[in-house]
Amino acid sequence: MLITEKHTKVLIVGAGPSGLMMAAQLLRYGIQPLIIDNKQGPTSHSNALAVQARSLEIYRQMGVVDKVVANGKPAMGLTFNQDGKQEALFSLNNIGEGQTLFPYVLLYQQSKNERVLLDYLTQNCCPVYWNTSLVSLQQKTDSTEVQLKNDDGEYTLKCDWVVGADGAHSAVRKQLQIPFNGDTYPSFFYLADLKLDTDFLTDDYIQLYLGKSDLAGFFPLPEKDSYRIIGNLPGKFEGREDVVVEEVLPYMSALTRSTIKIVENHWFTTYKLHHRMADRFREGRCFLIGDAAHIHSPVGGQGMNTGLQDAYNLAWKLAGVVNGQIKPDILDSYAAERMPVAKELLSTTDKAFNLIMSGNWFISLFKKWVWFRILHTAWKSKKVRTFFFKTISQTGISYRDSKVNLHLSKGTKIKAGDRLPYLKVYDEKKETETDLHEWCSKPGFTLIILGKLDEMFLFTLAKWISDNHPGILNFFYLPPSGKNVDVFNALEADPHKQKAIIVRPDMYIGYMNDVVDIGMMDNYLQNVVRMI
């Protein structure tokens, strides 16, 4: 496709989930990015499978979640099996009930995520320039000059900002000469999408089969009798690139102690797993998101979701700068908030993966006789299940230490920097039930006032917003009532007083105060967020 532009406000390199989410979020703020990818087109094969609750909350805000949920499958549970025998079963059915509108892990292939996001871009007249590569990148004081190439020619493009979402082999990261430190796991792995004829698998449970130092995970796909299977290849296949699924089938059968018959082979591939992280997520006017910034083992189904969160975090900040609403200082908070998340994720997934794959005799004995008993006992605790869901769903991620937040409340349960909790609300004005997340569905910041206010002060608040922050600050008022007691309790708000909460565009609490003071809120927006 011929590129006619000579200048773009934002160039996104990479049209995987992270890049597509970045483009979709920018479109919500009226910014038309230019997005390229060196692939021939969208792929039907992809590694990621789990969509976590936090990602579904983003899809809901975008208005596309119904399509995602309808074409996915919630995982009802997880089983651990040793030497073909079930050792532990953990129910995941509505495990996060009350914490989110999506209290489950949704099995929904990465390729489907890409299609939903591509549809969103198409509806907003934003094409993807496929088969287009980044050749070079040169940063200047106020812009970045890039050389692009595709079958129709070579192009010089001036970009105000560049976002590298081009995966583990990121051309953007290499052009910026940012180190990508980490390591490669020693084993080779296989990934297969198969339709099976077998009686030992259920179509709604994730089933993990462990041997002494072997692993095979069976993940049910939304399609009938179809499974995503991930496992390590026996040593005899190491280095071979021509391995076929029929050669691996006997090892799957031996590990599961069951007969496996393949009805259809939709995809089979072998690969190496890595755990690496970029030294920096930003260099001047260029940013790294998703696999271009960090890659890790597939434990916990976190990879794609983390990339989506990277894009979600960066997009509103970059949009504010591009639209002239927020000073460029805000962009420093992207790396400050997301790098600790990536670092912690690499650490935890690496430890879990090494434990699962270890062939050490002591660890093997520990897994066989102790580990499953500990897990089984711990799972009986509601606190453990709640902690597990908050971790795996990414709803527990917090930015309390971020400089973009200001906590002036005496409340300790929920603070500025935390994700806005999912709380059902009875709208007295419309006489309907809604929730706090629904209130934050529009682009921009959201001011939520709780408590008793007279009409004159409400009018003053509305006028302050329309005069100073039109189109960037949405406003909702929740007076005390018997039907909203739980909301006030959860937010530690006294119904006889007031509480002010300003929610960031990414549904994190940016400001919290036990008084409604226009001067203090204006200070937050102008001197902390750095609104213009």
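Every value quoted in this text rests on a predicted model; they were computed, and no experiment measured them.
For the 3.5 Å distance criterion, the side chains of N313 and K317 qualify, holding a donor opposite an acceptor. A donor-acceptor contact under 3.5 angstrom links the side chains of Q394 and Q302, judged on distance only.
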When you look at K39 and D166, which way does the salt bridge (charged side-chain N to carboxylate O under 4.0 Å, His left out) test go after all the steps?
-> CA-CA 10 Å; K39 298 194 299 289; D166 46 345; over 6 Å; no
Should Y251 and F237 be marked as a ring pair (Phe, Tyr, Trp, His ring centres under 6.0 Å) after you check the CA-CA gap, both sets of side-chain angles, and the distance that decides it?
-> CA-CA 12 Å; Y251 296 93; F237 297 116; 5.8 Å; yes
Before giving the answer on salt bridge (charged side-chain N to carboxylate O under 4.0 Å, His left out), spell out for D329 and R530 the whole-Å C-alpha distance, their side-chain angles and the decisive distance to 0.1 Å.
-> CA-CA 7 Å; D329 309 30; R530 305 278 286 165; 3.2 Å; yes
Given the rule in the side-chain contact (heavy atoms from CB on, under 4.5 Å) test, do W161 and I31 qualify, once you have shown the distances and angles that lead to the verdict?
-> CA-CA 12 Å; W161 305 93; I31 297 167; over 6 Å; no
Pair R60-E438, salt bridge (charged side-chain N to carboxylate O under 4.0 Å, His left out): steps then yes or no | CA-CA 9 Å; R60 184 191 183 202; E438 179 67 22; 3.3 Å; yes
May I have the step-by-step check of salt bridge (charged side-chain N to carboxylate O under 4.0 Å, His left out) for D225 and K195, ending in yes or no?
-> CA-CA 6 Å; D225 297 328; K195 185 173 183 179; 5.3 Å; no
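Look at R54 and E57 and you find a salt bridge, because one of the NZ, NE, NH1 or NH2 atoms lies within 4.0 Å of a carboxylate O, short of that distance. Between K158 and E5 there is no salt bridge, since no side-chain nitrogen of the basic residue lies less than 4.0 Å from a carboxylate oxygen of the acidic one. Using a 4.0 Å cut-off between a side-chain N of Lys or Arg and a carboxylate O of Asp or Glu, R400 and D418 qualify as a salt bridge.
The aromatic rings of Y209 and F218 stand perpendicular to each other, their planes meeting at an angle above 60°, with 30° marking the opposite boundary. Ring-plane geometry between Y104 and F102 is classed as perpendicular, the angle between the planes exceeding 60 degrees on a 0 to 90 degree scale with a lower cut at 30.
Judged by distance alone, the side chain of Q32 and the main-chain N or O of C125 form a donor-acceptor pair under 3.5 Å. For the pair H266 (side chain) and D193 (backbone), a donor-acceptor distance under 3.5 Å is absent.
Summarising the geometry, atom CH2 belonging to W439 is positioned 10.5 Å from atom CG belonging to L420; distances are rounded to the nearest 0.5 Å. Atom CH2 in W316 sits 11.5 Å away from atom CG in L318 (nearest 0.5 Å).
Relative to the six-membered ring of F180, R173 meets both conditions, a distance below 6.0 Å and an angle of at most 45° to the axis.
Just one residue in the list K343, R504, R282 forms a salt bridge (charged side-chain N to carboxylate O under 4.0 Å, His left out) with E337, and that residue is R504.
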